[in-house]
Asks: 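Have a look at the structure that comes next, please.
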2 protein chains.
Amino acid sequence: MSQIGDSLQFLRSRGYKVTAPRKQVLEVLRRSSKPLSAYQIQKSLPIKGKPLNAVTIYRILNLFCSLNLAHRVLSSGGFVICTLSEGEGCHRFVVCRHCGSLQEFASETLCQEESQITQDLGFQAEYHLSEVSGLCLKCRGGQR
Amino acid sequence: MSQIGDSLQFLRSRGYKVTAPRKQVLEVLRRSSKPLSAYQIQKSLPIKGKPLNAVTIYRILNLFCSLNLAHRVLSSGGFVICTLSEGEGCHRFVVCRHCGSLQEFASETLCQEESQITQDLGFQAEYHLSEVSGLCLKCRGGQR
DNA sequence: GGCTTAATGTAATAATGTTGCATTTAAAAT
DNA sequence: ATTTTAAATGCAACATTATTACATTAAGCC
């Protein structure tokens, strides 16, 4: 049901306050299937009263990202809600280059392979970022 | 030796002119082991005469990236020279989170694995971006 | 050397992101 | 319920990154 409720609960349990701006940002992100920039989020907010301050939105997004409630998608510069469970693994994305829709995934195999390769280059891997670009089913027109 | 010569040759062979600004940007990138932003490149340029215009630098970087002579590193927002041969495969990076040094690599295995996973999500993968973060040998103090 | 077109310079502006300080408010304590 | 207070937000100013339109310059051709 209300996955938003879960997120709010999570915030509270970590000692963060549940505020109207945080709820609003959460709702906007939850409704979007594509990454949104801070300013896009600002425009998407309910027009009742004043819009949220952009600074506030940035701070909320930083908080959400630090808690893994949301992620920043580097290839598009936007933010998305996290759709995976707390279960470990680095969160990765595949994005449709045509419609911009996005799916999140994780893979222990990829992490291990990347760690091995980079270890051979002298690095100790800690975090794995990957964003795959391609075409989604819809944008291939069902064909191919 | 002068790998810069090779890059200039490559530009000429593709019908692009070899100009002073392009040589300068190439040299600055070549000398850096870390990603540089357009404005950092501007500051790094020889102080003889006027500095390069930032717009020009952006245009040169866009050209280099489109030809795979350089790459944009998303996790840091900077640009690096490409160190791999034209041999195919998507170019990936491992970056030291402490000193910022960077190594480029490619892996057919990773591409295949990512394509398989994202295909199961309904996507046809075309481009694979990955940036691994960790600690380089130096920054681990040789230990561990 | 002159010609032609690609490349660069200039100016203005948009988009994104950050900092310091004043004000407000969620939630705990009374 | 009221008070308290630390956390969160608002506000103003500003830094960085990036793009566009149009004028000027120069690389590489004859």
Side-chain angles (χ1 to χ4, degrees), chain A residues 5 7-29 34-46 48-67 69-80 100, chain B residues 4-5 7-29 34-46 48-67 69-80:
Chain A
S7 302
L8 300 181
Q9 185 73 24
F10 180 76
L11 279 178
R12 212 176 273 120
S13 74
R14 295 293 189 100
Y16 296 101
K17 294 182 180 175
V18 170
T19 66
R22 287 177 180 169
K23 282 190 221 172
Q24 291 170 44
V25 171
L26 215 48
E27 275 162 19
V28 170
L29 285 180
K34 308 173 191 176
L36 298 177
S37 75
Y39 290 93
Q40 285 175 324
I41 290 172
Q42 190 178 39
K43 286 177 205 145
S44 307
L45 285 170
K48 286 191 176 186
K50 289 185 180 179
L52 279 187
N53 193 292
V55 180
T56 298
I57 296 176
Y58 274 106
R59 287 192 280 226
I60 290 174
L61 289 172
N62 286 341
L63 175 67
F64 287 179
C65 287
S66 75
L67 295 172
L69 288 177
H71 304 293
R72 161 174 258 140
V73 182
L74 294 183
S75 53
S76 67
F79 296 84
V80 291
Chain B
I4 286 183
S7 302
L8 299 181
Q9 185 73 24
F10 180 75
L11 279 179
R12 212 175 275 121
S13 74
R14 295 295 188 100
Y16 296 100
K17 295 182 179 173
V18 170
T19 66
R22 286 177 180 169
K23 282 189 219 171
Q24 291 170 43
V25 171
L26 256 168
E27 276 162 19
V28 169
L29 285 180
K34 307 173 192 177
L36 297 177
S37 75
Y39 290 93
Q40 285 174 324
I41 290 171
Q42 190 179 39
K43 286 178 203 145
S44 308
L45 285 170
K48 287 190 173 184
K50 288 185 180 178
L52 279 187
N53 193 292
V55 179
T56 298
I57 297 177
Y58 273 106
R59 287 191 281 224
I60 290 174
L61 290 171
N62 285 341
L63 175 66
F64 287 179
C65 286
S66 75
L67 296 173
L69 289 177
H71 303 293
R72 161 174 258 141
V73 182
L74 293 182
S75 54
S76 67
F79 296 85
V80 290

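Numbers restart at 1 for each chain; the letters A, B, ... are given by sequence-line order, proteins then strands.
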Asks: Check this for me: B:Tyr16, atom OH, are more than 12 non-hydrogen atoms of other residues, nucleotides or ligands nearer than 6.0 Å?
Replies: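 Incorrect, the count does not exceed 12.
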
Asks: Can you tell me how far the CG atom of A:Leu45 sits from the CD1 atom of A:Ile57, to the nearest 0.5 Å?
Replies: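 So the CG of A:Leu45 and the CD1 of A:Ile57 are separated by 5.5 Å.
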
Asks: Taking the minimum atom-to-atom distance to the side chain of B:Arg12, which one of D:dG28, C:dA7, D:dT9 wins?
Replies: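 Of all the options, the side chain of B:Arg12 is nearest to D:dG28.
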
Asks: Ignoring hydrogens and geometry, is there a side-chain-to-backbone donor-acceptor pair from B:Arg12 to B:Val18 under 3.5 Å?
Replies: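 It does not hold such a pair.
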
Asks: So, OP1 or OP2 of D:dC29: does either fall under 4.0 Å of a side-chain N or O from B:Lys17?
Replies: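 For B:Lys17, the contact criterion (side-chain N or O under 4.0 Å from OP1 or OP2 of D:dC29) is not met.
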
Asks: To the nearest Å, give me how far apart CZ (B:Phe64) and P (C:dA7) are.
Replies: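 So the CZ-P distance, B:Phe64 to C:dA7, works out to 11 Å.
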
Asks: Could you check A:Asn62 against A:Lys43 and say which one's nearest nucleotide on DNA chain C is further toward the 5' end?
Replies: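 Whichever sits nearer the 5' end wins; that is A:Lys43.
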
Asks: With nearest nucleotide decided by heavy atoms, which residue, A:Gly15 or B:Ala38, maps closer to the 5′ end of DNA chain D?
Replies: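 Result of the comparison: A:Gly15.
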
Asks: Look at the side chain of B:Arg72 and the backbone N and O of B:Cys65, then say whether any donor-acceptor pair between them is shorter than 3.5 Å.
Replies: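 Checking the backbone N and O of B:Cys65 against the side chain of B:Arg72, no donor-acceptor pair under 3.5 Å is found.
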
Asks: For the pair made of CZ in A:Arg22 and C1' in C:dT24, what is the distance, rounded to whole Å?
Replies: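 Answer to the nearest Å: 14 Å.
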
Asks: Base, sugar-phosphate or nothing for B:Arg72? Non-hydrogen atoms, less than 4.0 Å.
Replies: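 Since only primed, P, OP1 and OP2 atoms lie under 4.0 Å of B:Arg72, the category is sugar-phosphate.
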
Asks: Counting the atoms with a prime plus P, OP1 and OP2 as sugar-phosphate, which does A:Val55 contact under 4.0 Å by heavy atoms, base, sugar-phosphate, or nothing?
Replies: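 Base, at least one base heavy atom under 4.0 Å.
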
Asks: Please pick, from C:dG9, D:dA18, D:dT9, the nucleotide with the shortest atom-to-atom distance to any side-chain atom of A:Pro21.
Replies: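 Closest nucleotide among those given: D:dT9.
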
Asks: What is the separation between atom CG on B:Asn53 and atom C1' on D:dT24, rounded to the nearest whole Å?
Replies: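 In whole Å, D:dT24 C1' and B:Asn53 CG are 13 Å from each other.
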
Asks: Specify the separation, in whole Å, of atom CD1 of A:Ile57 and atom P of D:dA8.
Replies: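 So the two atoms are 17 Å apart, to the nearest Å.
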
Asks: In whole Å, I'd like the distance from the CD atom of B:Gln42 to the P atom of D:dT16.
Replies: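 Going from B:Gln42 (CD) to D:dT16 (P), I get 12 Å.
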
Asks: Measure from CG on B:Leu8 to C1' on C:dA7 and round the result to the nearest Å.
Replies: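 Answer to the nearest Å: 15 Å.
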
Asks: What is the separation between atom NZ on A:Lys50 and atom P on C:dT23, rounded to the nearest whole Å?
Replies: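 To the nearest whole Å, that distance equals 14 Å.
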
Asks: Considering only D:dT17, C:dA7, D:dG28, which nucleotide approaches the side chain of B:Val18 most closely?
Replies: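 The nucleotide sitting nearest to the side chain is D:dG28.
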
Asks: Give the rounded distance in Å between these two atoms: CG of A:Leu36 and P of C:dA15.
Replies: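 Atom CG in A:Leu36 sits about 16 Å away from atom P in C:dA15.
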
Asks: Any donor-acceptor pair, under 3.5 Å, between the side chain of B:Tyr16 and the base of D:dG28, if you only look at N and O atoms?
Replies: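 Check fails, no donor-acceptor contact within cut-off.
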
Asks: If every non-hydrogen atom of A:Gln42 is compared with every non-hydrogen atom of A:Ala54, which pair is closest and at what distance?
Replies: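 Minimum heavy-atom contact is NE2-N, 3.5 Å.
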
Asks: Using only modelled atom types and a 3.5 angstrom limit, is any donor from either the side chain of B:Arg59 or the base of C:dG9 paired with an acceptor on the other?
Replies: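 It does, because a donor-acceptor pair links the side chain of B:Arg59 to the base of C:dG9 below 3.5 Å.
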
Asks: Which is more 5' along DNA chain D, the nucleotide nearest B:Thr19 or the one nearest B:Tyr58? Just name the residue.
Replies: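 Mapping each residue to its closest nucleotide by heavy atoms, the 5'-most match is B:Tyr58.
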
